[in-house]
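Taking it in order: structure first as structure tokens, then the write-up.
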2 protein chains.
Amino acid sequence: MRKNFGVKTWLYPMPVFIVAAYDENGVPNAMNAAWGGVYSDDMVGICLADNHKTTQNIRATKAFTVSMATADKLAACDFLGIVSGKAVPDKVARAGLHTTQSQFVNAPIIDELPMTLECELVSYDDDSNFMVGRIVNVSIDDTVLDADGKVDLSLLRPITYDSCNHHYHVIGQKVGNAFSDGKALK
Amino acid sequence: MRKNFGVKTWLYPMPVFIVAAYDENGVPNAMNAAWGGVYSDDMVGICLADNHKTTQNIRATKAFTVSMATADKLAACDFLGIVSGKAVPDKVARAGLHTTQSQFVNAPIIDELPMTLECELVSYDDDSNFMVGRIVNVSIDDTVLDADGKVDLSLLRPITYDSCNHHYHVIGQKVGNAFSDGKALK
């Protein structure tokens, strides 16, 4: 029987995006974000509260990166969501993370996170706090690519946020092929 | 070493949302959607092309549901993404799925998918095809709840779309606690 839970922002899977930008002194800052996804053909959309240091940095620099949090760097990624860059300006370094500037946008790539979307700010809506960015490049470390040059999820080990239980889960085993498993029903 | 892939809408995890609405005759239709997530405090946002029958139905009825696709119903959920409701008006039934009207909005809940967001249409943007809906209720079947009444992912078995490889993966094991694993770094 179905149980009604009322108004909840629970859905599966929910991402753990590590959103990074430079501050006014060129210091990299980053936060984690669970609300968002692909927005349209070449854009991502993420809800970021306007009081975050990262949000302010993005609005100033007009650029950001979105890296996939991984099981291997779980504690560091969680730390980025616990500590504010306002209180701890070197939080990225304190998390044990290092950065390299994107070749495509004025934003930092976190070296330890193997997959990153490099984005230009398109819009930020003050009412909803929803930010839209254009994906300029996706960079992926070759250590998480398979022999065909595609992402191997068993190597990348991206995590997902369980918003009902406040847990992180790793993406698990392959269970089917998109656009073909349903063909048997046609 | 990082490899640049250019403009790609690849990110992890990406959802497999089953979006359902009634047509003008009260017949339930549904499609699957991978682009979207939580939009803001009580809203979801999903990119839905305007030529989909489901999109047209939602714009007419101003209501929809979003169910989490599951490993147990993978073939049916994939089928909803392969076949158009314009060509196959009874596609939901042909997928072997049954529906019950939401108690909260004028939209169908798919009985075989245990977790559903019941939503009112807030806006649809003709340029981006991005749809925003207000979550009015989340209903979850008690067969996928644990002893504390919370979602048990090992029972729900929601799937995620690997947009790089066109595979579906089930959400895997718990790897940590949000807001606490990073405390060791503080």
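Letters go in sequence order (proteins before strands), and every chain restarts at 1.
- Cluster membership check: A:Phe104 does not share its hydrophobic cluster with A:Leu113, using side-chain heavy-atom separations under 4.5 Å among Ile, Leu, Val, Met, Phe, Trp and Tyr.
- Neither the backbone nor the side chain of A:Ile46 comes within less than 4.5 Å of any heavy atom in chain B.
- For B:Leu185, the parts lying near chain A are the backbone and the side chain together; criterion is any non-hydrogen pair under 4.5 Å.
- Side-chain contact annotation: A:Arg2 with B:Thr100, donor-acceptor N/O pair under 3.5 Å absent.
- What you find for B:Asp41 and A:Thr9 is that their closest heavy atoms are O-CG2, 2.9 Å.
- A distance of 10.5 Å separates CG of B:Leu145 from CE of A:Met1, quoted to the nearest 0.5 Å.
- Between B:Lys8 and A:Ile135, the closest side-chain pair of non-hydrogen atoms is not below 4.5 Å.
- When heavy atoms are compared at a cutoff of 4.5 Å, A:Val83 approaches chain B solely by way of its side chain, counted from C-beta outward.
- Under a 3.5 Å cut-off, the side chain of B:Asn165 and the backbone N or O of A:Val151 do form a donor-acceptor pair.
- Heavy atoms of A:Leu117 lying under 4.5 Å from chain B belong exclusively to its side chain.
- When each of B:Ala75, B:Pro158, B:Gly6 is checked for heavy-atom pairs under 4.5 Å with chain A, B:Gly6 comes out on top.
- For the residue pair B:Trp35 and A:Ser40, the shortest heavy atom distance occurs at CZ3-C, 3.5 Å.
- Counting non-hydrogen atoms of other residues, nucleotides and ligands closer than 6.0 Å to NZ of B:Lys86 gives a total above 12.
- Across A:Pro114, A:Gly81, A:Ala184, the residue that shares the most heavy-atom pairs under 4.5 angstrom with chain B is A:Pro114.
- Taking hydrophobic clusters as Ile, Leu, Val, Met, Phe, Trp and Tyr residues chained together by side-chain heavy-atom distances below 4.5 Å, A:Leu155 does not share a cluster with A:Val170.
- Most heavy-atom pairs under 4.5 Å with chain A, from the set B:Gly36, B:Ala76, B:Ala71: that is B:Gly36.
- Here the closest non-hydrogen pair linking B:Met115 and A:Trp10 is CE-O, 3.5 Å.
- Only the side chain of A:Leu156 comes within contact range of chain B, with at least one heavy atom under 4.5 Å from a heavy atom of that chain.
- Both A:Met68 and B:Ile159 belong to a common hydrophobic cluster when Ile, Leu, Val, Met, Phe, Trp and Tyr are linked at side-chain heavy-atom distances under 4.5 angstrom.
- A distance of 8.0 Å separates OG in B:Ser180 from OH in A:Tyr168, rounded to the nearest 0.5 Å.
- Neither the backbone nor the side chain of B:Val66 comes within less than 4.5 Å of any heavy atom of chain A.
- Of the possible donor and acceptor atoms, none in the side chain of B:Asn177 sits under 3.5 Å from a partner among the backbone N and O of A:His167.
- For the pair A:Asp78 (side chain) and B:Gly182 (backbone), a donor-acceptor distance under 3.5 Å is present.
- For A:Phe130 and B:Phe130, the ring centers are positioned less than 6.0 Å apart.
- Annotation for B:His166 and A:Phe179: closest pair ND1-CE1, 3.9 Å, computed over non-hydrogen atoms.
- Looking at A:Val138 and B:Val7, their side chains never come closer than 4.5 Å, going by heavy atoms from C-beta outward.
- Using a 4.5 Å cut-off between heavy atoms, B:Leu80 does not touch chain A at all.
- Interface check for chain B: of the options A:Cys47, A:Gly176, A:Gly149, A:Gly45, the most heavy-atom pairs under 4.5 Å are formed by A:Gly176.
- Scanning all heavy atoms of the two residues, the minimum distance from A:Tyr39 to B:Ser128 falls at OH-OG, 3.2 Å.
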| message | Before you tell me yes or no, could you show the steps for B:Val44 and A:Leu11 under side chain to side chain contact (heavy atoms under 4.5 Å, CB included), namely the whole-Å CA-CA distance, both residues' side-chain angles and the distance that decides it to 0.1 Å? | response | CA-CA 9 Å; B:Val44 289; A:Leu11 57 80; 4.2 Å; yes
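- For B:Lys91, no part lies near chain A; criterion is any non-hydrogen pair under 4.5 Å.
- Taken from CG in B:Asp162 to CG in A:Asp152, the straight-line distance is 9.5 Å, to the nearest 0.5 Å.
- The environment of B:Arg94 atom CZ is sparse: at most 12 non-hydrogen atoms of other residues, nucleotides or ligands sit within 6.0 angstrom.
- In terms of heavy-atom pairs under 4.5 angstrom with chain B, the leader among A:Glu118, A:Lys150, A:Gln103, A:Met43 is A:Lys150.
- The environment of A:Gln101 atom CD is dense: over 12 non-hydrogen atoms of other residues, nucleotides or ligands sit within 6.0 angstrom.
- When B:Leu74, B:Asp141, B:Val88, B:Thr116 are compared by the number of non-hydrogen pairs under 4.5 Å with chain A, B:Asp141 comes out ahead.
- With rounding to the nearest 0.5 angstrom, the CG atom of B:Asn137 is 4.0 Å from the CG atom of A:Asn4.
- Comparing A:Val136, A:Leu153, A:Ile109 by how many heavy-atom pairs each has under 4.5 Å with chain B, the most go to A:Leu153.
- A distance of 10.0 Å separates CE of A:Met14 from CD1 of B:Ile171, quoted to the nearest 0.5 Å.
- Annotation for A:His169 and B:Lys174: closest pair ND1-N, 3.3 Å, computed over non-hydrogen atoms.
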